[in-house]
There are 2 protein chains.
Amino acid sequence: MDADHQRDPNGPTPSTLYGTARVSVQRAVIARVVREMRTAFTAEELHLAVADASPGIGLATVYRAISAMQEAGAVMTVGDRDGSALLALCVRNDHHHHLVCTRCGRVLGVECPLGDAVSSAATREGHLITSHEVVLYGLCVDCREGTRGA
Amino acid sequence: MDADHQRDPNGPTPSTLYGTARVSVQRAVIARVVREMRTAFTAEELHLAVADASPGIGLATVYRAISAMQEAGAVMTVGDRDGSALLALCVRNDHHHHLVCTRCGRVLGVECPLGDAVSSAATREGHLITSHEVVLYGLCVDCREGTRGA
DNA sequence: TCACCAAGTGAGAAGCGTTCTCACTTGGTG
DNA sequence: CACCAAGTGAGAACGCTTCTCACTTGGTGA
């Protein structure tokens, strides 16, 4: 399912993740770590992973990088774990949503075939929908297949 | 649109909001204030409103009441405002979602006609969906009508 | 009606995720 | 190479939320 987030064989570049912001050495490391993330992650988890790849990068820098990536639309908050924001890589540019696997914790991109359905449903009640967010919970393909045998 | 959240002419009772938890005088006051809320609210806003109705009720009590109501499924977190959790009354027992009006800030219940669509869309990609959350953004009926003239 | 006790309360301290500050460093441009 | 806006690290500060503790209250059984 990496194709979901890494259709380009080289994956998104640091500049893709940060938009037009300057990409320092530290941010390049953070971008690489984020790209290697296979599940949703908190800022602290990212900081640990980053410190593992390149000790010395501060927590503030991680938070600033997250902020830059969110601004660039490359990362988004998909939930909350123990009071910390749960983040996920969000590379596909087309409108999509996230499936949070309740077994392995991964967050996968899922196409959004609902746009019209959602809007029309609410419009029927008289509201005007301009945007929407959907978070799905369940089992991803891998965990679903693993479950069959167990 | 009050019918959305108050179909019973008397509205939900405190015990409805708290499930099986004990309903003290303070919790009854908090429940009443929550029922009168017309928009999504933060814990602090609720505390202010509660203090207005019955001075002396502590912030910790408000947080504990919120926690109890969330556990009972009567209140849910629908977002985040300046770092504080944004809460909304959630009385209808049938599966529904929330429309956050970007103009007046109210959070309205909207029927969920998507259940099958959402599940089948993700299922098509091989996942197994067990639940989902949808948050819609746009203009509620009132604001939409107000907009036409302006 | 009374006694008992689990559950709830108020006040404030503590915890903890996140943001800010400040002096220093670095990337990119001319 | 010089310049300077942008980024960095360390830690303090901030603010939301939870916890602690002594006290009160609601509900149950006798």
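Order of the sequence lines sets the chain letters (A, B, ...), proteins ahead of strands, with each chain counted from 1. Values reported hereafter were calculated over all heavy atoms of this structure, with side chains retained and with hydrogens, waters and symmetry mates removed.
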Just how far, in rounded Å, is [atom2] of [N] from [atom1] of [X]?
X     : N      : atom1 : atom2 : answer
A:E45 : C:dT18 : CD    : C1'   : 16 Å
A:H47 : C:dT18 : NE2   : P     : 13 Å
B:Y18 : C:dT9  : OH    : C1'   : 13 Å
A:E71 : D:dG7  : CD    : P     : 10 Å
A:I66 : C:dG17 : CD1   : C1'   : 11 Å
B:D80 : D:dG15 : CG    : P     : 15 Å
A:L46 : C:dT18 : CG    : C1'   : 14 Å
A:I57 : D:dA10 : CD1   : P     : 11 Å

Suppose we screen for side chain to side chain contact (heavy atoms under 4.5 Å, CB included). Which residues come up paired with [X], at least two apart in sequence or across chains?
X     : answer
A:A51 : none
A:T77 : A:Q70, A:A85, A:L87
B:T39 : B:R106

Can you find a pair of side-chain heavy atoms, one from [X] and one from [Y], that are under 4.5 Å apart?
X     : Y     : answer
A:V62 : A:I30 : yes
A:V33 : A:L46 : yes
A:R27 : A:R64 : yes

**Prompt:** Quick one: on DNA chain D, does B:D82 or A:G58 contact a more 5' nucleotide (nearest heavy atom)?
**Reply:** A:G58

**Complete:** Sequence neighbours excluded, the answer for salt bridge (charged side-chain N to carboxylate O under 4.0 Å, His left out) partners of A:R81 is A:E45

**Asked** Under a single-linkage definition using a 4.5 Å side-chain heavy-atom cutoff for Ile, Leu, Val, Met, Phe, Trp and Tyr, are A:M76 and A:Y137 assigned to the same hydrophobic cluster?
**Response** yes

**Asked** Out of curiosity, does B:F41 fall in the hydrophobic cluster containing B:Y63 (side-chain heavy atoms, cut-off under 4.5 Å, transitive links)?
**Response** no

**Request:** For nucleotides 17-30 of chain D, just jot down a letter per nucleotide in 5' to 3' order: B, S or -, based on protein non-hydrogen atoms under 4.0 Å.
**Result:** BBBB----BB----

**Complete:** Annotated structure of DNA chain C as dot-bracket, pair cut-off 3.5 Å, Watson-Crick or G-U only, | for inter-strand, is ||||||||||||||||||||||||||||||

